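So the structure is just underneath, and the comments pick up after that.
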Amino acid sequence: FDARMKWWRDAKFGMFIHWGVYSVPAGIYNGEEVKGIGEWIMEKGKIPVEEYEKFAKKFNPVDFDAREWAKIMKQAGMKYVIITSKHHDGFALWDSKYSEYDMVDYTPFKRDILKELSAACKEEGISFGMYHSIMDWHHPQAQGKKYPKYNSLDSTLINPEFPEYVEHYMKPQLKELIENYDPEVLWFDGEWIPAYTHEMGLDLYQYLRELKPSLIINNRVDKGRQGYQGMNSDDKYIGDFGTPEQEILAGTADVDWESCMTMNDTWGFKTNDHNWKDAEVLIFNLVDVAAKGGNYLLNVGPTAEGIIPVPSVERLQKMGDWLKINGEA
Ligand code: JFZ
């Protein structure tokens with residue numbers, strides 16, 4: 001019996017939030033639709049760092065209301081949230097003292113999103129967690145400076161200064177997040193780049209658990225732990241739960257797992273993505289996941305104004321209504 005994992009195993013249903021600078025172009029660059037998932041527009045659209053920064057300068061989500069978001073989660077029956085503290089584009093949604101490239105220092109909005117959302121979630125009894133990208137297309141010691149140099153953001157290139165980025169930027173930012181926002185979960189991603197090693201993963205996991213022993217961390221903190229990979233095998237790998245993506249296991253498993261999914265075909269908001277899954281499908285998925293012992297982490301991609309898209313809210317409403325009749329109180 002693992003007391004640390006108790007609340008997480010009971011949770012079953014959480015909200016994934018992909019929100020950041022990519023919500024500003026919302027899938028369109030220079031008047032043209034950029035194919036692929038919205039939060040990858042910088043890479044898929046080959047947008048140079050300085051150009052992308054202009055979107056950050058315009059990021060002004062005046063309609064953002066943390067309490068409203070927390071109420072939407074609560075109503076849907078969700079027990080936890082994972083929001084993008086930093087996605088691959090390197091932009092921080094909180095007021096970081098290690099970077100100017102953040103919500104408070106860089107945007108006209110100047111409000112600390114993570115502070116407001118973590119407080120609102122606490123009020124509603126919703127556990128707060130963060131998605132954090134190891135890969136960083138903005139930081140010059142990660143992939144950032146590769147971009148103008150090669151005019152193509154190539155994450156297969158190894159920046160010799162990457163260990164500096166890990167020690168003096170990524171770890172301090174994560175410490176800052178733990179100290180100031182008290183997350184229950186850290187959900188890593190972008191670990192597949194060659195510059196990141198298994199040893200860095202082991203070290204990072206230990207470092208974070210020492211800072212906050214009750215912290216729950218996904219398997220992508222380790223090297224090459226995509227999806228469900230490695231969770232069943234030997235314990236030289238680390239991470240507390242596996243993360244099959246857009247996929248539900250065929251049966252129960254003897255390890256903890258969480259299936260993350262979007263409601264359409266993107267994680268970050270895209271103006272032109274209207275390919276929404278029916279509420280019935282989402283309810284079925286939730287039941288399917290829960291029956292097999294997993295958690296269902298369902299994504300919303302708020303707009304640049306700070307609105308969770310209406311089709312998403314409608315579906316969450318239906319899921320909450322269904323749970324009120326058929327679920328556990
Ligand atoms: C990653 C991100 O690149 C993406 O933007 C989004 O945040 C998503 C939730 O995670 O993409 C992945 C990561 C892992 C797998 C697939 C896509 N995988 O394990 O198959």
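All ligand and atom numbering here is 1-based and tracks the order in the structure. In this text the structure is predicted, and so the values were computed from the model without any measurement.
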>> For residues 55-72, which residue pairs pass the side chain to side chain donor-acceptor pair (under 3.5 Å) check, not counting sequence neighbours?
In response: R67-E123
Would [X] count as a polar contact of ligand 1, with the cut-off being nitrogen or oxygen pairs under 3.5 Å?
X    : value
W187 : no
W40  : yes
T243 : no

> Is the side chain of D240 donor-acceptor paired with the backbone N or O of I216 at a distance under 3.5 Å, no angle test?
Replying inline: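 No; judged by distance alone, with no hydrogens or angles, the pair does not exist.
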>> I'd like to know whether M130 forms a side-chain contact (heavy atoms from CB on, under 4.5 Å) with V185, so could you lay out the CA-CA distance, the side-chain angles of the two residues, the decisive distance to 0.1 Å, and finally the verdict.
In response: CA-CA 6 Å; M130 296 148 179; V185 179; over 6 Å; no
> Do you see a donor-acceptor pair shorter than 3.5 Å between the side chains of S214 and E184?
Replying inline: no
Find all atoms of ligand 1 within a distance of less than 4.0 Å from any non-hydrogen atom belonging to [X], and give their numbers and elements.
X    : value
H87  : 4 (C), 5 (O), 6 (C), 7 (O)
H88  : 2 (C), 3 (O)
H18  : 6 (C), 7 (O), 9 (C)
Y131 : 2 (C), 7 (O)
E39  : 4 (C), 5 (O), 6 (C)

> Is ligand 1 under 4.0 Å from a heavy atom in the side chain of F188, in the backbone, in both, or in neither?
Replying inline: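 Contact part for F188 vs ligand 1: neither.
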> Should the ring pair F16 and W267 be called parallel, tilted or perpendicular, given that the plane angle runs from 0 to 90° and is split at 30 and 60?
Replying inline: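 Geometry flag for W267 against F16: perpendicular rings.
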> Looking at residues at least two apart in the chain, or sitting in another chain, which of them share a side-chain hydrogen bond (donor to acceptor under 3.5 Å, both in side chains) with Y181?
Replying inline: D112
>> Ring of Y207, cation from K171 - is the NZ or CZ under 6.0 Å from the centre and inside 45° of the axis?
In response: yes
